Every structure is written in structure tokens, then in C-alpha cells.
Amino acid sequence: MMQYRELTAARLRVSRMGLGLAALGRPGYITLGHGQDMAGRYDTAAMEEHTFSMLDAAWQAGIRYFDVARSYGRAEKFLGSWLRGRNISEGAAVVGSKWGYTYTANWQVQAREHEVKQHSLQQLDKQREESNLLLGGYLDLYQIHSATLESGVLDNKLVLDRLHALKMHGLLIGLTLSGPRQAETLQRALEIRFGGERLFDVVQATWNLLEQSAGPALAQAHAAGLGILVKEGLANGRLTTRNQEAAFADKRALLQQLSDETGYSFDALALAAILAQPWADVVLSGAATPEQLRSNLVALRVGLTPEQLQRLQGLAEEPERYWTTRSQLEWN
Ligand SMILES: NC(=O)C1=CN([C@@H]2O[C@H](COP(=O)(O)OP(=O)(O)OC[C@H]3O[C@@H](n4cnc5c(N)ncnc54)[C@H](O)[C@@H]3O)[C@@H](O)[C@H]2O)C=CC1
Ligand SMILES: Cc1ncc2c(c1O)C(=O)OC2
């Protein structure tokens with residue numbers, strides 16, 4: 001059974017599991033075994049049909065949060081067509097998208113550049129218009145895609161003023177985080193205020209059994225009322241049986257032991273450990289096939305003992321190492 005939560009500042013009811021379309025909207029992605037999951041079906045009609053079947057399965061399971069981005073190929077287009085095609089009312093589904101990256105892979109699995117980052121006012125205005133054309137009134141939340149301290153986006157007064165204006169027009173405003181300094185970036189973002197009120201309603205961050213370092217900052221943001229969306233819960237597939245890296249052998253053995261003990265799959269255990277964090281409002285499934293989605297959904301029924309949770313949380317690695325490995329994942 002799906003569970004639901006209210007995001008405090010956003011005053012929105014969401015399902016605790018959401019569906020992310022990063023692996024569905026374009027031929028190439030970095031998740032383990034993505035090429036195998038796509039099974040060579042890259043023409044746009046086949047990709048759309050596949051995405052629709054994933055969205056139907058998600059809806060059937062009670063999923064009501066959908067995550068896309070301007071840079072996820074045709075993900076916004078597919079999602080908008082599906083929502084309209086199924087006659088879903090604007091209030092019945094919660095949709096979050098992101099601006100800041102442009103998709104540049106030209107519908108190829110391999111590309112010299114897959115996406116180009118630009119956090120300027122011009123990019124915001126351009127992509128906001130594009131997202132609006134594709135998603136219209138379905139769009140609830142617009143996030144800065146991978147805000148970092150170095151990029152200067154959190155100090156860009158023109159961008160922040162525009163985001164505030166969009167917020168005044170009823171759009172929820174968020175940021176997504178990536179890399180070893182997620183916590184610092186979030187703390188900086190929490191300080192941004194207009195007339196005493198925080199700009200950001202929602203943060204989307206990476207937290208999984210291998211990379212837990214943002215946990216305390218996410219707990220703090222949650223206490224301040226922000227909605228917390230967790231991405232990369234399976235470390236892009238590295239927390240599944242697909243991970244054959246030699247360096248993962250010990251961690252794999254521990255997951256196998258817990259799996260034997262409980263009868264649950266690696267992915268259900270890893271996602272259940274996220275759902276067990278009181279600050280985690282929504283966990284995004286990055287499933288690329290209906291089987292993966294079904295398996296991910298089992299996490300909602302997993303009850304972990306405190307001792308099992310502690311053993312799972314022992315899988316954490318150094319953030320620098322985690323993000324170096326992440327940056328070396330191959331587009332496939
Ligand atoms: N804001 C940002 O910068 C980012 C946002 N995201 C969002 O988060 C969503 C989820 O992130 P992901 O990294 O895709 O999620 P994830 O870490 O859950 O990995 C999903 C992948 O794990 C593997 N997998 C899942 N279940 C499996 C099973 N039962 N057996 C074998 N393999 C299995 C598949 O390769 C699948 O594509 C994305 O779709 C996107 O919406 C993801 C990355 C960055
Ligand atoms: C830089 C980068 N690489 C991969 C991915 C994203 C990203 O921003 C994203 O949002 O979903 C997958």
C-alpha cells in the first residue's frame with residue numbers, strides 16, 4: 001500500500017515513493033544496465049510507449065509524485081502527453097521539473113556532451129517557458145538543477161528575484177544537490193529569504209546507503225519545513241545485484257546476508273532504509289522497467305529492526321570516493 005505525506009512549506013500531499021524519468025526520457029543514461037533495460041528500442045514512439053507503461057504502473061501503485069527535468073530528453077513531453085491523455089486532473093498528480101541543464105545528446109546513447117549546464121537568468125526564462133509549454137498547469141515545482149556553491153547561482157540576485165516572482169505566482173521553488181558538498185550548499189540555500197520568508201520550499205538530494213553525508217543537513221531542512229525528495233536511492237544501480245565491482249564485494253556480502261535473513265531484495269532493503277529516515281518525504285524510484293518498479297515498491301512494506309537498519313547504514317563510504325565513482329559511471 002502506498003503511503004502519503006504532506007510537504008510542510010509546500011502544503012502538498014505526495015506519495016512517499018515517486019517516479020523519476022531520468023532513465024526513461026532519452027536513449028542514454030548512467031544507471032547500471034540501462035542499455036539492457038532499453039533493449040534496443042530507441043525510436044521515439046517506442047520510448048514514449050515504454051514511458052507510458054511505466055507511468056501507468058506507477059499510477060496503479062498509488063505513485064503521485066513525478067520527477068522530470070528539461071535535460072531528460074523528452075521526459076517532460078512524455079509526462080505531459082500522458083497526464084493529458086489519461087485525463088488526470090492538475091491537482092491529482094504532483095509534478096516537479098528542473099531548469100539549468102540543456103539536453104545535447106541528440107537522441108544518441110553516446111555523445112561528446114550529454115548535457116550543458118547554465119544557471120543564468122536567460123536560461124531560467126527560456127527553460128521555464130519550454131517546461132510550461134509541455135506541462136502547463138501540471139507543473140507544481142521548479143528546481144535549480146544541481147545548484148553548487150561554485151556556480152554562484154545562489155548568489156545570483158537576478159535569478160533569485162525571478163524565482164521569487166515565480167513563487168509569488170504559485171510555483172513551488174526547489175533546488176537539487178549533487179557532489180560531496182550537498183550539506184554546505186543546502187545550508188547556504190536555507191539562508192535565502194524574501195521578506196523574512198525562505199525562498200526554497202523543497203530540496204532534492206542524494207542520500208543512499210553508500211552516501212549518507214547529507215543526512216544531518218536534510219534533517220535540519222526538514223525541521224525548517226522544507227519538503228525532502230531523495231534521489232539516487234540505489235546509487236544509480238550500484239546498490240543492486242547488478243553491481244559486480246570487486247570493491248563492492250564486502251558490501252554485497254552484507255546486503256546478501258540481510259536479504260537472506262529478511263527475504264527482501266537488495267533494492268527493497270536499500271530503499272526501505274531511506275523511507276526509515278524520518279526526514280525523507282519522498283524517495284524517487286529510478287526504475288527503468290516494470291519489474292524494477294514492482295521490486296522497488298516492496299520497500300514500502302519492509303519493516304527493518306533498528307539493528308538491521310544500523311547494519312545497513314554501515315555500508316557508507318567516503319563522500320569523495322562515492323562521487324568519484326559516480327562521475328565515472330558510463331552512459332549506456
Ligand atoms: N537532480 C539531479 O541531479 C538528479 C535527479 N535524479 C532523479 O532521481 C531519479 C532516480 O535516480 P536514479 O539514479 O535513476 O535512481 P536509483 O539510484 O534508484 O537507480 C535506479 C537504477 O537502479 C537499477 N535498479 C533498480 N531496481 C532494480 C532491480 N530490482 N534490479 C536491478 N536493477 C535495479 C536500474 O539500473 C535503475 O535504472 C531519477 O530518475 C531522476 O528523476 C537522479 C540523478 C540526479
Ligand atoms: C550531471 C548529471 N548527470 C546525470 C544526471 C543528472 C545530472 O544532472 C540528472 O539530473 O539526472 C542524471
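Bear in mind that the values here come from a model prediction, so they are computed numbers and not experimental data. First listed ligand is number 1; within each ligand, the first listed atom is number 1. Throughout, numbering of the chain's residues begins at 1 and tracks the sequence.
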### Message
Just to be sure I read this right, does ligand 1 sit under 4.0 Å from the backbone of D67, its side chain, both, or neither, counting only heavy atoms?
### Response
both
### Query
What part of A235, side chain from CB on, backbone N/CA/C/O, both or neither, has a heavy atom under 4.0 Å from ligand 1?
backbone
#### Entry: Single-linkage hydrophobic cluster V109~V116, side-chain heavy atoms < 4.5 angstrom
no
### Verify same cluster id: F200, V203 (apolar side-chain graph, 4.5 Å)
yes
[X] neighbourhood, listing ligand 1 atoms whose heavy-atom distance to it stays under 4.0 Å:
X	result
G286	10 (C), 14 (O), 15 (O), 18 (O), 20 (C), 36 (C), 37 (O)
S295	29 (N)
S146	3 (O)
T176	1 (N), 2 (C), 3 (O)
L32	35 (O)
Y29	14 (O), 42 (C), 43 (C)
L21	39 (O), 41 (O)

Hey, is ligand 1 close enough to [X] that some N/O pair sits below 3.5 Å?
X	result
N236	yes
A23	no
N296	yes
L284	no
Q204	yes
A22	yes

### Message
If I take atom CZ from residue F266 and atom CG from residue L269, how far apart are they, to the nearest 0.5 angstrom?
### Response
8.5 Å
### Query
Quick one: does G233 get within less than 4.0 Å of ligand 1, heavy atoms only?
yes
Residues [X], [Y]: salt bridge by 4.0 Å N-O rule:
X	Y	result
D125	R162	yes
K98	D67	yes
E129	K126	no
R242	D37	yes
E115	R26	yes

### Task
Nearest heavy atom to atom 12 (P) of ligand 1 wins, so pick from H34, Q36, E232.
E232
#### Entry: Identity of the nearest option to atom 3 (O) of ligand 1, non-hydrogen atoms only, from H145, Q292, K98
H145
### Task
Taking the six-membered ring for Trp and the full ring for Phe, Tyr or His, determine whether the centres of H114 and W331 are under 6.0 Å apart.
yes
#### Entry: Within the 6.0 Å centroid threshold, strictly below: W82 and F66
yes
### Query
Cation-pi between R64 and W59: NZ/CZ under 6.0 Å from ring centre and within 45° of the ring axis?
yes
